[in-house]
4 protein chains.
Amino acid sequence: MEYNEKQVQIIETAEQLFATNGFEGTSVRDIAQNAGVNIAMISYYFGSKEKLMEAIFVYRIGYTRLKIESMLKDTVLSPTQKIEKIVDSYIEKMMGNQCFYRLMAQEQHVREMQNISELVFQSKFLNTEMVRKIVQEGQKNGEFKKNIDVVMLMATMIGTANHFIMQQNYYRRLNNMLDMSEEDFQKHVKRKLGNHLKNLFKATLTHEA
Amino acid sequence: MEYNEKQVQIIETAEQLFATNGFEGTSVRDIAQNAGVNIAMISYYFGSKEKLMEAIFVYRIGYTRLKIESMLKDTVLSPTQKIEKIVDSYIEKMMGNQCFYRLMAQEQHVREMQNISELVFQSKFLNTEMVRKIVQEGQKNGEFKKNIDVVMLMATMIGTANHFIMQQNYYRRLNNMLDMSEEDFQKHVKRKLGNHLKNLFKATLTHEA
Amino acid sequence: MEYNEKQVQIIETAEQLFATNGFEGTSVRDIAQNAGVNIAMISYYFGSKEKLMEAIFVYRIGYTRLKIESMLKDTVLSPTQKIEKIVDSYIEKMMGNQCFYRLMAQEQHVREMQNISELVFQSKFLNTEMVRKIVQEGQKNGEFKKNIDVVMLMATMIGTANHFIMQQNYYRRLNNMLDMSEEDFQKHVKRKLGNHLKNLFKATLTHEA
Amino acid sequence: MEYNEKQVQIIETAEQLFATNGFEGTSVRDIAQNAGVNIAMISYYFGSKEKLMEAIFVYRIGYTRLKIESMLKDTVLSPTQKIEKIVDSYIEKMMGNQCFYRLMAQEQHVREMQNISELVFQSKFLNTEMVRKIVQEGQKNGEFKKNIDVVMLMATMIGTANHFIMQQNYYRRLNNMLDMSEEDFQKHVKRKLGNHLKNLFKATLTHEA
DNA sequence: GATGAATGAGGATTCATTCAT
DNA sequence: AATGAATGAATCCTCATTCAT
């Protein structure tokens, strides 16, 4: 679970290439070359290409949970504010790890990697439960309406954000933003996505259908 | 654009295998074997594995547009009803072509296939414009509020639905539905997804934030 | 069980190389190169290096049994003559297939290949039983003494012959035959081995210990 | 020629693995792991995998000669008894070093190792000469007949014993001894082999053909 | 004296494609 | 029109060995 400098180098290179070209579309040669290491080193450090994939997930999922959890304890925020924070947090995390989220979206490998599959399931489950508590809190104090399907809500947050990221090039082209700097575009997307999801959630959480 | 029986057989087999194992994770041998045709026939009919992928997209995208367009002309429906119909229509189509939608979600190949890329872009653009018109119609007659971001709305519909489909196994497990028959589960998903998206859209389209 | 020209070419090349350098000591590259075929053709025809090894055994063992069996039916020969014929026959066969017999002597692979293991076992069993019948015949008519251990007798015939073949270079050197032509040496060995085994068997079969 | 504790450990582990899986079928990793030493230690101590193989031969052949030689000087024994002692001695030695004898049977390596080749040649030569002297002694005192081919006699002893050892599993199966304990089976083999060879030799040494 | 890290070379196999038929 | 035979290129991985420490 602790990786040395070279291992991290390999992991991050692989993450990017897997995200771009797919797992099978990326050869260990590519990874080694891009990471500036010997080909044999990948097997040496990770055992196999598959194990390397697993290592990416361990590396990325390992330390993400705590951040959100700490927020729940912050009693100063209202449920609505908490939801907004979660949205921002998710978008922030996803934008900062686009490659990894692209990887997660290639669900075939998650499905095939038993170890990872469980890790992801647990992670999803915990996140959902966390949001469920916030929603219940909001329902108690009257901020939120009854009959809220948390699982679907999560699917909307994650699905919308993922989909948007996946088709960002389409979006750039559609809005004549092809020449915008990557940095500016990222900011734009964060604001756009954030506002949309917050509005969406506020509307659906507070208003009776 | 017109494929003979064997070509269709190959296309549909490839679609399923590509969806399940990825493009590079599927060999032409696999496809040939599953389709019950000679290996050389794939190159013979489609030129190459890549061209076969393109053929899948041509085959699937080709005749989907008309259906939705015909709906817009139906003036009996209110904007809200039209939106609901679009949601149902999208879900129905996606559920009936899960393999293909899984393929679309592996955006790397769409990105790499110039021909397809354009096809998909056009398709998305037209769909978005269609929804935009409905929204404007609803804004005119007061059913919908102002300040509606149609692009984000589309991202939410497509993203939520896709994401839900992608993680249906996770959903089954989470809700103790692992033993439910595929048919029942599909019905359940359609209703669940449909209701969620309709409520979501209604809330966000009609209520001021 | 029927191999085409190229397959036979590969099989015989592999047989020789395996015999000379061992199974693991021989690369498919070597085989392909020596057989004058493409490297991929070996996997293409035989599936794998291991399967090729099996093919060698199937190829060689397949049609050897009949020859000896036909001899048993020949009632003109006395048991002693039959034994002598078997000795000659074995030596002849072994000398003509030294590579294969060298392969058989590398018992690790026979042990590891289930299919072959059984084939070899059956072959050995049948040969032993055949000799057993001849011995019993000889015991009945008084030519041979009682208390003959056929299994050990077989071990002596096979073991002596094999061992002699294996160390033929040692023998050449010991007897100043390094310059003798291969052909002459083969003849010499056949006579030498034949006489030795026949004398050995005659002595042990006819004289009480 | 003198090996420290760790070297002996490596040698004996390698001997066993080489015997079981062949030289090329055994990796230095396997040896290091089984011997419980660092991988680099093998190159460090022996220079290379090949040199390690040589070391095994040096280690085993080095101190075997003396034992038999001392026997020749014992004038109390008759030639027949001496031959019998040699048979027992050989079987005993071989049974106690089955791995090594298996190695010797893989003659390709002996052939390839110049140093070892010579060592083995000398060893064989000396043993043969020793037996020749005993035979001559027996011929002088009338115990043995004339016209005895000592080289072939040696081939029979070594070949029969080796072959029997090599196919002990076949023998176990043939005689329903698959469940017999290793210890019991070893005893059985020693007696069986010993009696057979002694009878064989007695018959062939004493009776005119 | 001993070893963990690292690597170039080579291992077997699979791949998509071609071509003669 | 359709295909069995064949192949060059590329796949992942393991190998024995080296070297700095």
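Chain identifiers are assigned alphabetically (A, B, ...) following the order of the sequence lines, protein sequences preceding nucleic acid strands; residue numbering begins at 1 within each chain. From a predicted model like this one, the values you see are computed outputs, not experimental measurements.
Counting to the nearest Å, the C1' atom of F:dA2 and the CD atom of B:E5 are 16 Å from each other. Taking atom CZ of residue B:F18 and atom C1' of nucleotide E:dA16, one finds them 12 Å apart after rounding to whole Å. Between the CD1 atom of B:I10 and the P atom of E:dA16 there is a distance of 14 Å, rounded to whole Å. Note: CG (C:N38) to C1' (E:dT14) measures 13 Å, nearest angstrom. Protein atom CD1 of A:I39 is 14 Å distant from nucleotide atom C1' of F:dC15, rounded to whole Å.
Salt-bridge formation is detected for the pair A:R60/A:E15: a Lys NZ or Arg NE/NH1/NH2 atom is positioned less than 4.0 Å from an Asp or Glu carboxylate oxygen.
Within a 6.0 Å radius of NZ in A:K51, no more than 12 heavy atoms belonging to other residues, nucleotides or ligands are found. A 6.0 Å sphere centred on CD of B:Q33 holds no more than 12 heavy atoms belonging to other residues, nucleotides or ligands. B:E118 CD: more than 12 foreign heavy atoms inside a 6.0 Å radius. Residue-environment remark: CD (D:E50) stays at or below the threshold of 12 foreign heavy atoms within 6.0 Å.
Of the possible donor and acceptor atoms, none in the side chain of D:R102 sits under 3.5 Å from a partner among the backbone N and O of C:Q108.
Residues from residues 40-53 of chain B with heavy atoms under 4.0 angstrom of DNA chain F, sorted by number: B:A40, B:M41, B:Y44, B:Y45. Contacts of residues 20-34 of chain D with DNA chain F (heavy atom under 4.0 Å): D:T26, D:S27, D:V28, D:R29.
Between A:I165 and A:Q98, the shortest heavy-atom distance links the atoms CG2-OE1, 3.8 Å. The two residues A:Q106 and A:F23 come nearest to each other via the heavy atoms OE1-N, 4.0 Å. In terms of heavy-atom proximity, D:V110 sits nearest to D:S117 at O-CB, 3.5 Å.
A:T13 contributes atom OG1, which lies 9.5 Å from atom CD1 of A:I56 (distance to the nearest 0.5 angstrom).
You'll find the ring centres of C:Y59 and C:F100 outside the 6.0 Å limit.
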Requested in this report: Treat a base pair as Watson-Crick or G-U wobble with both distances under 3.5 Å, then lay out DNA chain F in dot-bracket form, 5' to 3', with | for cross-strand pairs.
Outcome: .||||||||||||||||||||

